[in-house]
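Every chain is numbered from 1 and lettered A, B, ... according to where its sequence line falls, protein lines coming before strand lines.
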Protein chains: 2
Amino acid sequence: MSSENFDNLRLELRRGGLVVAVLAALHSEQYGYTLRKIMADHGIEIDEGTLYPLLRRLEIQGLLKSKWREEQKRNKRFYQLTAAGKQILQQLLTEWRNMDSSINSILKEYGHATSRTVSASR
Amino acid sequence: MSSENFDNLRLELRRGGLVVAVLAALHSEQYGYTLRKIMADHGIEIDEGTLYPLLRRLEIQGLLKSKWREEQKRNKRFYQLTAAGKQILQQLLTEWRNMDSSINSILKEYGHATSRTVSASR
DNA sequence: ACATCATACTGTGTTATACATAGTATATGT
DNA sequence: ACATATACTATGTATAACACAGTATGATGT
């Protein structure tokens with residue numbers, strides 16, 4: 001069942017990228033609903049049932065701060081990076097870049113046709 | 001406890017990259033012990049307690065095939081990508097690239113100084 | 001001959017979290 | 001009045017790297 005395997009592996013891949021992407025978007029403050037749209041605009045579909053618990057958890061971990069504000073007759077919860085969050089984001093970006101370099105390096109040495117196609121597109 | 005958070009988030013990030021990197025290295029057949037060294041040479045430290053179960057799981061999922069062979073007086077288990085494995089690897093690479101593009105795109109639009117430093121280094 | 005290290009691998013419980021699913025409240029459009 | 005969009009909260013399930021422990025055996029050092 002290759003497609004099922006791919007789905008699981010794809011989820012694993014998303015897990016790491018998701019946090020980096022969400023933190024990256026919160027250099028400027030956003031509330032959940034528009035953050036979800038921003039992520040979608042940049043190619044990352046994320047269900048609200050996944051996004052809100054993630055935001056909550058990142059706040060608990062001290063990487064985000066939030067405050068309620070009423071705008072356009074609606075109560076919205078705005079999130080933004082903390083100083084610690086900016087620092088962690090930098091570190092995670094470094095990890096992401098390092099993993100990317102490792103993968104490319106391995107592909108260059110061991111990936112046959114795949115190495116060529118990847119290099120060509122970058 | 002930022003450093004503890006970073007460790008957990010780093011693990012999440014690794015989860016996706018790890019499978020891609022291992023599959024990429026197995027275009028040519030390797031046995032576990034040298035595969036571990038190859039990964040280390042390319043910047044990915046992975047404990048044997050993590051690598052062997054991963055290889056086992058990927059074989060069960062049909063992405064790898066293995067066979068025992070005696071070399072230099074030792075029994076070694078050689079692994080290599082199957083046709084399905086090559087296909088899944090391509091798809092995962094595409095997912096990885098898409099996530100990377102999304103992150104860069106978000107950084108470009110929302111990341112302040114970080115956006116500049118990342119662009120400069122690439 | 002024996003101790004130590006390197007090689008080569010197997011087994012399994014713990015921990016963490018996206019996902020899936022369900023839900024509430026309220027403003028706006030038809 | 002009803003449907004849809006906006007904006008969010010709550011929680012159990014499924015998954016897998018890690019951490020840790022272990023076995024077997026060849027090579028090397030004393």
To the nearest angstrom, how far is B/L9 atom CG from D/dA17 atom C1'? 15 Å

What is the distance, rounded to the nearest whole Å, between atom CZ of A/R36 and atom P of C/dC19? 12 Å

As an exercise, state the distance from CZ of B/R97 to OG of B/S102, rounded to the nearest 0.5 Å. 13.0 Å

Send over the distance from B/L55 CG to C/dA8 C1', rounded to a whole Å. 12 Å

Find which nucleotide of DNA chain D each of A/E12 and A/G32 is nearest to by heavy atoms, and output the residue with the more 5' nucleotide. A/G32

Distance check needed: C/dA20 P versus A/L18 CG, whole Å only. 12 Å

Might you list the N or O atoms of the protein lying below 3.5 Å from N or O atoms in nucleotides 2-4 of chain D, with each pair's distance?
none

So if I apply the side chain to side chain contact (heavy atoms under 4.5 Å, CB included) rule between A/I103 and each of B/V20, B/L92, B/L23, which one comes out positive? B/V20

Rounded to whole Å, the CG-P distance (A/N75 to D/dT9) equals 11 Å

N/O (side chain, A/R15) to phosphate O (OP1/OP2, D/dT15) under 4.0 Å: no

Rounded to whole angstroms, how far apart are CG on A/L13 and C1' on C/dT17? 15 Å

Common cluster, A/L51/A/L81, ILVMFWY with side-chain heavy-atom separation under 4.5 Å: yes

Per B/W68 side chain, nearest of listed nucleotides D/dT15, C/dC9, C/dA18: C/dC9

One should read off an interatomic distance between A/L93 CG and A/E95 CD, to the nearest 0.5 angstrom, of 10.5 Å

By nearest atom, which of the nucleotides D/dA17, C/dT17, D/dA16 is closest to the A/Q61 side chain? C/dT17

Is a donor on one side and an acceptor on the other found under 3.5 Å between the side chain of A/R36 and the backbone of A/I46? yes

Selected nucleotide, minimal atom distance to A/Y52 side chain, candidates D/dA7, C/dC19, C/dG11: D/dA7

Do the side-chain N or O atoms of B/R56 get closer than 4.0 angstrom to the phosphate oxygens (OP1, OP2) of C/dC9? no

How long is the line joining NZ of B/K76 and P of D/dT25, in whole Å? 16 Å

Would you indicate, yes or no, if C/dT7 has its OP1 or OP2 atom less than 4.0 angstrom from a side-chain nitrogen or oxygen of B/Y33? yes

Salt bridge (charged side-chain N to carboxylate O under 4.0 Å, His left out) with B/E70: which residues, sequence neighbours excluded? none

Could you pull out all residues at least two apart from A/R15 that satisfy salt bridge (charged side-chain N to carboxylate O under 4.0 Å, His left out)? B/E12

Hey, can you tell me if B/W96 and A/W96 have their rings parallel, tilted or perpendicular (30° and 60° cut-offs)? parallel

It should be established whether B/R57 places a side-chain nitrogen or oxygen under 4.0 Å from OP1 or OP2 of nucleotide D/dA17. yes

Protein-nucleotides 19-23 of chain D N/O pairs under 3.5 Å:
unit_1: D/dA19; atom_1: N6; unit_2: B/G49; atom_2: O; d: 3.1

To the nearest 0.5 Å, how far apart are CD in A/Q30 and CG in A/L35? 6.0 Å

Which residue is it: B/R69, B/K73, B/R74? I am looking for the one with a side chain to side chain contact (heavy atoms under 4.5 Å, CB included) to B/E71. B/R69

side-chain hydrogen bond (donor to acceptor under 3.5 Å, both in side chains) pairs, two or more places apart, involving residues 37-52 of chain B: A/S105-B/H42, A/E109-B/H42

Give, for atom CD of B/E29 and atom OG1 of B/T34, the distance between the pair rounded to the nearest 0.5 Å. 9.5 Å

Between C/dA8 and B/R77, is there an OP1 or OP2 to side-chain N/O distance shorter than 4.0 Å? no

With respect to the phosphate group of D/dA7, does any side-chain polar atom (N or O) of A/Y31 fall under 4.0 Å of OP1 or OP2? yes

Determine whether a donor-acceptor pair (N or O, by modelled atom type, separation under 3.5 Å) exists between the side chain of A/E59 and the backbone of A/S66. yes

What nitrogen or oxygen pairs link the protein and nucleotides 27-30 of chain C at under 3.5 Å?
unit_1: C/dA27; atom_1: O4'; unit_2: A/R74; atom_2: NH1; d: 3.4
unit_1: C/dA27; atom_1: O4'; unit_2: A/R74; atom_2: NH2; d: 3.0

Without decimals, in angstroms, what is the distance between A/L54 CG and C/dA16 C1'? 13 Å

